[in-house]
Amino acid sequence: MKQLLVVLVLAGVCRGQSRLAPYYCAKGNLMTAVDACMKYPQSINLSNLHLYTQQSVKSGTVDPVCNMASARVFIFSGTKDTVVVPGVVKKLEEYYRAYVAAPGAIATVYDIPAHHGFPTDRYGGACGSPNSDYINNCNYNAAYELLEHIYGGLQKPPTSHVAQGQLTLFDQAEFFKLAPAPTYGMDTAGYVYVPPPCHIGARCRLHIAFHGCLQQRGILADRYAKTTGYNEVADLNNLIILYPQAKKTLTNPNGCWDWWGYSSYAYATKNGYQVTGVHRMIRRVLGTY
Ligand SMILES: *[C@@H]1O[C@H](CO)[C@@H](O)[C@H](O)[C@H]1NC(C)=O
């Protein structure tokens, strides 16, 4: 469910991000999240979300929107997705178009007959059918396509390429200071993939891959981190892939990242527990935390 594709970072500078519904779509309300923001795009009022965005900038709870002007955004929605319908994702595109300036900076893929899930060219269930891993074999390497759109100039791994690097489980607990990680819907451990050249001192970039609902470690173990195709692209292009992990709790039964407010009222701000925790992980990889 609710596949959040990526947020990525280059030397600490945020270059692009994507999600499914527009920013603050749920407005702190679970019912709005599962209703308008998954199924009924006609009830998403974008003016309202733009207004909220502007107010948040003014009050300092989010950074200035001009930071999005140079972002690269990749948006995918399968024609057979009945979990988050394509209309909702098109609202997300419309939201981004208000802020992302350069022509071609927003890539959209709406024509693949994929059901809800992460599309790959080698793993997963049938492309157009639901499966419990939410990883679909669509003869389409989404990990490569999105990374290539965002960074450019990447080598595409052949389907025969087997990942050569190390997928390591790391302690997430230390990045959540005020209360234990599960209090904020976070697992105590996450995954990081480091390709061989990055182990021996090559200059590498860091990409963060957020799993979707029901794809967290507690359910899929390492399958999201192993079979979505990121690691194979990472091998050939000196990318480190960080896979932070959410956790199922009473208020977050599907192990989603917080997009309706279960972790705190500040969930959609830069003071949100999850984003600040992930920011500390980024700084750790960069050697500044
Ligand atoms: C949409 O939001 C704007 C800004 O908050 C508001 O003025 C307008 O009345 C809303 N439209 C609808 C149809 O609710």
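In each ligand, atom 1 is the first atom listed, and ligand 1 is the first ligand listed. Numbers for residues simply follow the sequence, beginning at 1.
Test Tyr96, Tyr23, Tyr95 against His50 for ring pair (Phe, Tyr, Trp, His ring centres under 6.0 Å) and you get one pass: Tyr95.
Residue nearest to atom 5 (O) of ligand 1, selected from Ile44, Leu46, Asn48: Asn48 (by heavy-atom distance).
Taking the six-membered ring where tryptophan is involved, the planes of His149 and Phe74 are tilted, since the angle between them lies from 30° to 60°.
When only modelled atom types and interatomic distance are considered, Asn237 and Tyr144 share no side-chain donor-acceptor pair under 3.5 Å.
Within 4.0 Å of atom 2 (O) of ligand 1, at least one protein heavy atom is present.
Contact check for Gln216 versus Lys247: no side-chain heavy atoms found under the 4.5 Å cut-off.
For ligand 1, one of its N or O atoms has an N or O atom of Asn45 under 3.5 Å away.
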